[in-house]
Protein chains: 2
Amino acid sequence: MAATIKDVAKRAGVSIATVSNVINGSRRVSPELKKKVQKAIEELGYQPNPFGRALRKGESSTIALLIPDRSNPFYAQIAWGVEEQARRYGYALITCHTDEDPGLEEFYVSSLLHRRVAGFVVAPTSAGRDTLSPILRRGVPLVLVDRVIEGLPVDQVSSDNEGGAYMAIRHLLQLGHRNIGVLSGVEDISTTQDRIRGYKKAFAESGLPLDESLIAPGCSQIEEGAAAAESLLLSGEVTAIFSINNMMTLGALHSLKKLGLRCPEDVSLVGFDDSEWAAVMTPGLTVVAQQSYELGYLAGALLFRRLKRRPKPPKPRTVKLRTILIIRESTAEPREPLSGKLAARGSSVVANL
Amino acid sequence: MAATIKDVAKRAGVSIATVSNVINGSRRVSPELKKKVQKAIEELGYQPNPFGRALRKGESSTIALLIPDRSNPFYAQIAWGVEEQARRYGYALITCHTDEDPGLEEFYVSSLLHRRVAGFVVAPTSAGRDTLSPILRRGVPLVLVDRVIEGLPVDQVSSDNEGGAYMAIRHLLQLGHRNIGVLSGVEDISTTQDRIRGYKKAFAESGLPLDESLIAPGCSQIEEGAAAAESLLLSGEVTAIFSINNMMTLGALHSLKKLGLRCPEDVSLVGFDDSEWAAVMTPGLTVVAQQSYELGYLAGALLFRRLKRRPKPPKPRTVKLRTILIIRESTAEPREPLSGKLAARGSSVVANL
DNA sequence: CATTTGGTGTAAAACGTTTTAAAATGGCGG
DNA sequence: CCGCCATTTTAAAACGTTTTACACCAAATG
């Protein structure tokens, strides 16, 4: 059906090799032949068959994107940026969701490697150092996005997570909060660690004491966030909560609602990651916003830079994007100790989403 | 590097063709040879090279998914279902976002066809009838999801949109609302039309008069929804709003907040599509929920059914999934006419997100 | 016994490229 | 006029499959 390179060659009255050279610019071709070939291509509407090319070159014009959490719109933004770049360069994008599961990540890596994708953009799970190693071993270009891995010799793009958390906590401290609970994220990933570091840094700098027991292990899902927030709130010790990601912020809201606590009157809340609903809620949520689209766009750019300069790979680059504290209505000065508020309702409440 | 079919053949002491036959089951192979071949495959860890196969068969084990709106989590759920199916069948999934732009849709269709994807799952833009026609012309399997197109001879999976809207409006009517505004969706797509039909049906059945001017052209983005909601609210005529999709519900919330109106005291609000934030907001949103994951999962199932029964294509099937009305707190009986509430603030407010 | 028939196996062609190695062309100095 | 080099072109080999067409053999048929 579709025209092949052979048809083009015949029509232009040249050899197949010449056509190939014109298309790929791999060799000098005299201007006259070049013109003839281009005319033939035009007339036939010829497009090189991707499989023939892929078979010969051992690689297809396809890149892969690995995303750890499909419910978090933050990653949808990152994917947007990567997709934009892929389109720019005429590559197809295979997007896979690992759902924080190293096993699934491993599966996808091996299956995509076998498919000979040209490169990877990955926001790794906690086991990334291991699961991604086959990519490096095969010498396939890899860019890490959002979550970085110390010492891995690849391009890495992330936000200034420590700085973001630092700003958020300083904001709460300035308002007068002293007991600030944290809904922590997935362990063993850089974003969680960096944000916790920012939290501690703000306390250290202010000279105020920090109660490590207020750092509740959350994770990444709504239910987990809700449970963690609930136990934090029921302890009656905190006047503010810092939620380390989008989804857990929703969980915290759920718990507040369930316990009949009002925000910011009873508890202040700061989230990490802005989102479309964060602005329109009542109260509007104070959040640390990342430049999520830009994260993806930049990661894509770095990947293609590497793909284009194939023979001489550039030195791995690490980029950190600024974060922004958006103050809305969910944070205010603490009013009264929380414990009184809760006394009436007992402590046997169980999360039920 | 990786083993080829040739290596397997040599190791098993058979011909290449035999190995191929064992792998694909395309011909009978004697048990003894079969065993030998399988052993060789095992030992070498052989996996057929996808490009060789694709080149020969003119098609790769890859399917494409076209999504019209990247910000709406509803579509992320659909994508989840499709991805699950793709994994099940060992296919890769290329996901592209058209952003409601027929031009982009056309571009992706042509580029994916040229890539020889094995099939498409598409939630089409308003121009779907035209932009998708090249797929049919080439005889590539296609499944429509969420938005259907009348008379197109392909599998189609959607929700009972009319029924969902009908339930929502009946709920509002039963509460006593008579002037119900609608934030309408993208024109010329089935979901919008069906939901509007449900709206009208509920009115018709109740015998109450319907004011067509309360159907405000929204579209699909937050800003559009906010503007439409604002003009509806400023008219002072409505006591309830039915928002036809997720994103516009957020827009409506934005307008409510901006105008200082409370929900449900001043205005009741019903949205289409449930979401993670809808439940935890204050007030919790009353919504018509779709089985979004299932939509995608089913669409994928239908696509692979068609791919597997290639020589004799089955009759196109149309599936409609039940919708559910989830009543939360954003809908209540109307209290006082809205016009009084708004009199104090004038009508020169402009959307500013 | 000669000839089909049906079941297994294989060599070789084909899919559409890119690239290597060799051939043709043309200009130039000897 | 010949040989030599530089430049441009091309034929052919490869990439790894699937599939067609044929070869082989044993059993069944006439």
Side-chain angles (χ1 to χ4, degrees), chain A residues 1-38 40-41 44-62 90 113-118 138 307 310-311, chain B residues 1-38 40-41 44-62 90 113-118 138 307 310-311:
Chain A
M1 186 91 211
T4 81
I5 198 174
K6 229 175 196 164
D7 303 325
V8 176
K10 189 171 293 173
R11 178 156 198 136
V14 300
S15 76
I16 292 181
T18 301
V19 177
S20 176
N21 288 330
V22 168
I23 294 172
N24 303 300
S26 29
R27 254 188 189 33
R28 279 207 69 78
V29 175
S30 65
E32 358 169 27
L33 286 199
K34 196 179 218 167
K35 197 141 289 175
K36 273 202 229 171
V37 169
Q38 284 167 334
I41 289 179
L44 293 172
Y46 167 74
Q47 290 187 292
N49 177 306
F51 301 144
R53 177 174 276 180
L55 176 57
R56 180 59 225 237
K57 307 188 61 157
E59 171 187 304
S60 68
S61 60
T62 303
L113 277 177
H114 177 246
R115 273 204 144 73
R116 301 289 199 297
V117 296
R138 282 267 278 272
L307 282 174
R310 191 64 69 82
Chain B
M1 186 92 209
T4 80
I5 198 174
K6 229 175 196 164
D7 303 324
V8 176
K10 190 170 291 175
R11 181 156 196 136
V14 301
S15 76
I16 291 181
T18 302
V19 177
S20 176
N21 287 331
V22 168
I23 293 172
N24 303 299
S26 29
R27 249 189 192 32
R28 279 207 71 78
V29 176
S30 68
E32 358 170 28
L33 287 199
K34 197 179 216 168
K35 197 141 289 174
K36 274 203 230 173
V37 169
Q38 284 167 335
I41 289 178
L44 293 172
Y46 167 74
Q47 289 187 291
N49 177 305
F51 301 145
R53 178 173 274 181
L55 177 57
R56 180 58 225 236
K57 307 188 58 157
E59 171 186 302
S60 68
S61 60
T62 302
L113 276 177
H114 177 246
R115 273 203 144 73
R116 300 288 198 300
V117 296
R138 282 267 278 273
L307 283 173
R310 191 63 68 83

- prompt: According to the salt bridge (Lys or Arg N to Asp or Glu O under 4.0 Å) rule, which pairs have a member within residues 3-14 of chain B, sequence neighbours left out?
  reply: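 For residues 3-14 of chain B: B/R11-B/E43.
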To the nearest Å, give me how far apart [atom1] ([X]) and [atom2] ([N]) are.
X	N	atom1	atom2	answer
B/L33	C/dT10	CG	P	7 Å
B/I41	D/dT17	CD1	P	10 Å
A/R116	C/dT17	CZ	P	20 Å
B/K6	D/dA14	NZ	P	8 Å

Presence of salt bridge, B/R115 and B/E59, under 4.0 angstrom: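 Not counted as a salt bridge, because no side-chain N and carboxylate O are separated by less than 4.0 Å.
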message: What residues from residues 47-54 of chain A pass a heavy-atom cutoff of under 4.0 Å to DNA chain D?
response: none
- prompt: What's the closest nucleotide to the B/S15 side chain, out of C/dT10, C/dT8, C/dG16?
  reply: C/dT10
With the criterion being N/O to N/O and under 3.5 Å, what pairs connect the protein with nucleotides 24-28 of chain C, and how long is each?
none

query: Are any of B/T4's side-chain N or O atoms less than 4.0 Å away from OP1 or OP2 of D/dC15?
result: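 Looking at the OP1 and OP2 atoms of D/dC15, neither is under 4.0 Å from any side-chain N or O of B/T4.
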Identify each donor-acceptor pair in which a side-chain atom of residues 21-33 of chain A lies under 3.5 Å from a protein atom, sequence neighbours left out, and give them as a table.
| from | atom 1 | to | atom 2 | distance (Å) |
| --- | --- | --- | --- | --- |
| A/N21 | OD1 | A/S26 | OG | 3.1 |
| A/N21 | ND2 | A/A17 | O | 3.2 |
| A/N24 | OD1 | A/R53 | NH2 | 3.2 |
| A/N24 | ND2 | A/S20 | O | 3.0 |
| A/N24 | ND2 | A/S20 | OG | 3.3 |

- line: Axis-to-axis angle for the helix from C/dC1-D/dG30 to C/dG30-D/dC1, ends of five pairs each, to 10°, equals 80°
- line: For nucleotides 19-28 of chain D, 5' to 3', base contacts (B), sugar-phosphate-only contacts (S) and non-contacts (-) with protein non-hydrogen atoms under 4.0 Å give BBB-------
